Amino acid sequence: MALSDCGVSTSPQGRELKEHGTPLFPAACYHDDLSRLEIPWHWHDELEAVMIEAGSALVCADGKSYPLQQGEGCFINSGVLHGIWSNGQTPCRLRSVVFHPRMKNNKGVRSLTPLTASLFCPSEAGSAFKA
């Protein structure tokens, strides 16, 4: 699965219109440069894991703001209105995985463990949010 820019477009109600992945594998990986294009307010049915690769960002979700620095990340639940903006003078880059809840089994996000490990920490499998 290749990384691509997210490029958010929404309905008038703020629902993201982009399909993430395919019906057989409903997940997609993104790499965004917030100095070039910020991620506006939106929501989607999928879960989302975000990690700041460089710089700092302000993640706003569910009425709260979360400043994140390089190496930090967060999970955004299904249906939560959120947006991400650069939070400083230096360029900010982030990586994210957006995946449908049906990929989550009763033991957690087990089916995505290799995917998240390789996306966030290619050299440290199993430590998805370790800087």
Side-chain angles (χ1 to χ4, degrees):
M1 177 180 307
L3 293 174
S4 62
D5 287 339
C6 188
V8 176
S9 62
T10 62
S11 73
Q13 295 77 29
R15 182 181 184 144
E16 185 174 17
L17 300 174
K18 185 175 199 156
E19 183 175 323
H20 301 286
T22 67
L24 291 175
F25 191 78
C29 299
Y30 299 102
H31 184 259
D32 290 292
D33 180 348
L34 297 183
S35 61
R36 193 172 54 78
L37 184 64
E38 295 183 329
I39 301 172
W41 288 107
H42 68 286
W43 65 274
H44 39 73
D45 292 329
E46 296 84 8
L47 301 162
E48 185 168 358
V50 176
M51 183 172 168
I52 306 304
E53 183 179 62
S56 62
L58 185 64
V59 177
C60 298
D62 206 21
K64 297 182 178 124
S65 297
Y66 303 93
L68 298 177
Q69 305 297 318
Q70 179 178 343
E72 296 179 329
C74 67
F75 282 99
I76 300 168
N77 209 350
S78 173
V80 172
L81 183 65
H82 61 284
I84 307 174
W85 295 269
S86 184
N87 191 28
Q89 301 299 321
T90 60
C92 179
R93 292 187 315 275
L94 63 87
R95 292 183 183 210
S96 62
V97 176
V98 180
F99 56 98
H100 196 278
R102 75 173 178 254
M103 291 193 74
K104 177 183 172 292
N105 63 23
N106 61 0
K107 295 178 182 169
V109 190
R110 184 180 177 123
S111 58
L112 284 179
T113 300
L115 178 64
T116 55
S118 65
L119 172 68
F120 294 119
C121 294
S123 63
E124 298 185 36
S127 301
F129 283 82
K130 184 175 180 182

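These numbers come from a predicted model, not from an experiment. Residue numbers count from 1 along this sequence.
For residues 82-93, the set of pairs meeting the salt bridge (Lys or Arg N to Asp or Glu O under 4.0 Å) definition, not counting sequence neighbours, comprises Glu53-Arg93.
Taking the side chain to side chain contact (heavy atoms under 4.5 Å, CB included) definition, one finds that Asn77 meets it with Leu47, Val80, sequence neighbours left out. When the side chain to side chain contact (heavy atoms under 4.5 Å, CB included) test is applied to Glu19, the partners found at least two apart in sequence or on another chain are Pro23. Take Thr90 and apply the side chain to side chain contact (heavy atoms under 4.5 Å, CB included) test, not counting sequence neighbours, and it matches no residue. Applying the side chain to side chain donor-acceptor pair (under 3.5 Å) criterion to Thr22, with sequence neighbours excluded, gives no partner residue. For Gln89, there are no side chain to side chain donor-acceptor pair (under 3.5 Å) partners at least two apart in sequence or on another chain. Ser78 meets the side chain to side chain donor-acceptor pair (under 3.5 Å) test with no other residue; sequence neighbours excluded. Under the salt bridge (charged side-chain N to carboxylate O under 4.0 Å, His left out) criterion, Asp45 pairs with Arg15, not counting sequence neighbours.
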Report task. Step by step, work out the side chain to side chain contact (heavy atoms under 4.5 Å, CB included) result for Ile39 and Leu34. Result -> CA-CA 7 Å; Ile39 301 172; Leu34 297 183; 4.0 Å; yes

**Report entry** Step-by-step side chain to side chain contact (heavy atoms under 4.5 Å, CB included) determination, Ile76 to Val59
**Finding:** CA-CA 10 Å; Ile76 300 168; Val59 177; 4.2 Å; yes

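Taking the side chain as every heavy atom from C-beta outward, His20 and Glu48 never approach each other to under 4.5 Å. Taking 4.5 Å as the limit, some side-chain heavy atom of Ser86 sits within range of a side-chain heavy atom of Glu38.
Other members of a hydrophobic cluster containing Leu58 are absent, since no ILVMFWY side chain comes under 4.5 Å of it, directly or through relayed contacts. Members clustered with Trp43: Trp41, Leu81, Trp85, by chain and number, using a 4.5 Å side-chain heavy-atom cutoff among hydrophobic residues.
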